[in-house]
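To start, the structure itself, in structure tokens.
The basis for the numbers below is simple: all heavy atoms, side chains too, and nothing from hydrogens, waters or symmetry mates. Because the structure is a prediction, the values reported are computed rather than measured.
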Amino acid sequence: MKKCFPAVFLLTAICVLLLAAVTKLRLRSLPDRLLPPQEELENVQFLSRGGEPLSRTYANAWNYQQQVNLEEIPPLLLKAVITAEDRRFFSHLGNDYKSILGAMRDAVIHRRIVRGGSTISEQVLRMLHPRPRTVWSRWLEFWEVRQLEEVFSKGEILEFYLNQVPFARNRRGVKAAALDLFDRDLSTLSPRESLLLAVLIRAPSRLDPRRTAAPALAWRIEALAESLWSSGQIDEEQLNAIRSSEYELSEPNLEVEASHFVRYLKKRSKSGRTPFPYVRTSLDAGLQRAAQDLLGRRVVELGKRD
């Protein structure tokens, strides 16, 4: 019996060393900068001479055209996203054990997966290194996410996440979602609209406001508002502002309508791929608007004369 212990110990040590070696070989390297991979894009955004967008595209795998700096994100939206997705984001090292255990407990109680235990850092890592959802993948992610936290700051991780997190209709990032749902910039969002964006991250397609009844979203917004208030992140005045404000969906529109010109440019391009997300054209936005207005009024006048 005594002779078995050294053999078991030796076998365990060999297995551990083998696992460590295989794990090291399978770990993927991180980029030098936390930005979308530089690759040839299938679709670019055309700009006027002054930089106004003439088109929008959502066909690329990453969000290249509608990114914002972390400082440009409204404070309430930041708080709401962190509270909804990873409330201990600033205190953990990439893996939140409390969240994982809580998700396992809820799965046992409800006999189904109620919520995920993934942190924001883990979600960012899966964007960079997509893998099948297996135990082995989770094991590799456990080590890679710790490396992610060592290489990049919390601010860099959060900024990348907010610019690349998926929403419905192939939109990525909170700016693209705000434009798609409200046709407005992030700085103009009402308190309720900010919380709606945070709520949608959990299940963007299933909770798409264009297909989901308002009451199904209202209780989620209310629950998130209560969580923000009970944790002291907002005061009662802000809580009431969230409850009293509304959101109204709008179809996104371009400030400069030049669809014929954009189609002409696409036909002229020799290749459908380019490493640049933007193409600045010679079109003058002010002149374009004046010409369209003049043409529109003339068409109306001619219409009256049949």
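A distance-only check finds a donor-acceptor pair linking the side chain of Ser55 to the backbone of Phe46 [under 3.5 Å]. Put simply, the side chain of Gln164 never gets that close to the backbone of Trp62: no donor and acceptor are under 3.5 Å apart. Without hydrogens or angle criteria, Glu52 side chain to Ala285 main chain gives no donor-acceptor distance under 3.5 Å. With Thr212 contributing its side chain and Arg206 its backbone, the two residues share a donor-acceptor pair below 3.5 Å. Between the side chain of Asn253 and the backbone N or O of Glu251, at least one donor-acceptor pair lies under 3.5 Å. Looking at Ser190, its side chain does come within 3.5 Å of a backbone N or O of Glu246 through a donor-acceptor pair. Proximity of a side-chain donor or acceptor of Glu149 to a complementary backbone N or O of Arg146 within less than 3.5 Å is not detected. Between the side chain of Asn63 and the backbone N or O of Gly173 there is no donor-acceptor pair closer than 3.5 Å. Listed for the Tyr278 side chain is a donor-acceptor partner under 3.5 Å among the backbone atoms of Gln65. In terms of modelled atom types and a separation under 3.5 Å, the side chain of His129 and the main chain of Leu27 share no donor-acceptor contact.
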Extract all donor-acceptor atom pairs below 3.5 Å that involve side chains of residues 74-84 and protein atoms in other chains or at least two apart in sequence.
residue: Lys79; atom: NZ; partner: Gln233; partner atom: O; Å: 3.0
residue: Thr83; atom: OG1; partner: Lys79; partner atom: O; Å: 2.8
residue: Thr83; atom: OG1; partner: Gln233; partner atom: NE2; Å: 2.9

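Its side chain outside the 4.5 Å cluster rule for every partner, Leu287 clusters with none of the Ile, Leu, Val, Met, Phe, Trp and Tyr residues. Taking Ile, Leu, Val, Met, Phe, Trp and Tyr as members and joining any whose side-chain heavy atoms lie under 4.5 Å apart, directly or through other members, Val300 forms no hydrophobic cluster with any other residue.
Note on Trp219: it does not cluster hydrophobically with Tyr247, by side-chain heavy-atom contacts below 4.5 Å among ILVMFWY residues. Cluster annotation: Leu47 is not connected to Val262 through the hydrophobic network of ILVMFWY side chains, with a link wherever side-chain heavy atoms come within less than 4.5 Å. Residues Leu18 and Leu140 fall within the same hydrophobic cluster, defined by Ile, Leu, Val, Met, Phe, Trp and Tyr side chains chained together at heavy-atom separations under 4.5 Å. Side-chain heavy atoms closer than 4.5 Å link hydrophobic residues (I, L, V, M, F, W, Y) into clusters, and following such links, possibly through other members, connects Leu239 to Leu195.
Proximity of Val165 to Val124: side-chain heavy atoms (C-beta onward) are nowhere separated by under 4.5 Å. Using a 4.5 Å heavy-atom cutoff, the side chains of Glu122 and Phe142 are not in contact. Counting only heavy atoms from C-beta outward, the side chains of Ile242 and Ser194 never approach each other to under 4.5 Å. Counting heavy atoms from C-beta outward, Leu265 and Thr281 have side chains that approach closer than 4.5 Å.
Shown here are the salt bridge (charged side-chain N to carboxylate O under 4.0 Å, His left out) partners of Arg28, two or more places apart in sequence or in another chain: there are none. Residues that satisfy the salt bridge (charged side-chain N to carboxylate O under 4.0 Å, His left out) test with Glu257, not counting sequence neighbours, are absent from this structure. Every residue two or more places apart in sequence or in another chain that forms a side-chain contact (heavy atoms from CB on, under 4.5 Å) with Ala218 is listed here: Arg192. In terms of the ring pair (Phe, Tyr, Trp, His ring centres under 6.0 Å) criterion, residue partners of Trp143 (sequence neighbours excluded) are, by chain and number, Trp139. A search for salt bridge (charged side-chain N to carboxylate O under 4.0 Å, His left out) contacts involving Arg133 returns nothing, not counting sequence neighbours. Shown here are the side-chain contact (heavy atoms from CB on, under 4.5 Å) partners of Ser250, two or more places apart in sequence or in another chain: Asp183. Residues meeting the salt bridge (charged side-chain N to carboxylate O under 4.0 Å, His left out) test with Glu237, sequence neighbours left out: none.
Atom CZ of Arg184 sits in a crowded spot, with more than 12 heavy atoms from other residues, nucleotides or ligands closer than 6.0 Å. The neighbour count for Arg131 CZ, taken as heavy atoms of other residues, nucleotides or ligands under 6.0 Å away, is above 12. In Arg211, the CZ atom is not crowded: 12 or fewer heavy atoms of neighbouring residues, nucleotides or ligands sit closer than 6.0 Å. Open room surrounds CG on Asp32; 12 or fewer heavy atoms of other groups in view lie less than 6.0 Å from it. Phe90 CZ: more than 12 foreign heavy atoms inside a 6.0 Å radius.
Residue pairs satisfying the side chain to side chain donor-acceptor pair (under 3.5 Å) criterion with at least one member in residues 168-179, sequence neighbours excluded, are listed as follows: Arg169-Asp180, Arg171-Asp180. The salt bridge (charged side-chain N to carboxylate O under 4.0 Å, His left out) analysis of residues 219-236, with sequence neighbours excluded, yields the pairs Glu222-Arg243, Glu226-Arg243.
For the residue pair Ser230 and Ser227, no side-chain donor N or O sits within less than 3.5 Å of a side-chain acceptor on the partner.
By the 4.0 Å N-to-carboxylate-O rule, Asp293 lies too far from Arg289 to be salt-bridged with it.
Here the shortest heavy-atom pairing between Leu228 and Ser231 reads O-OG, 3.1 Å.
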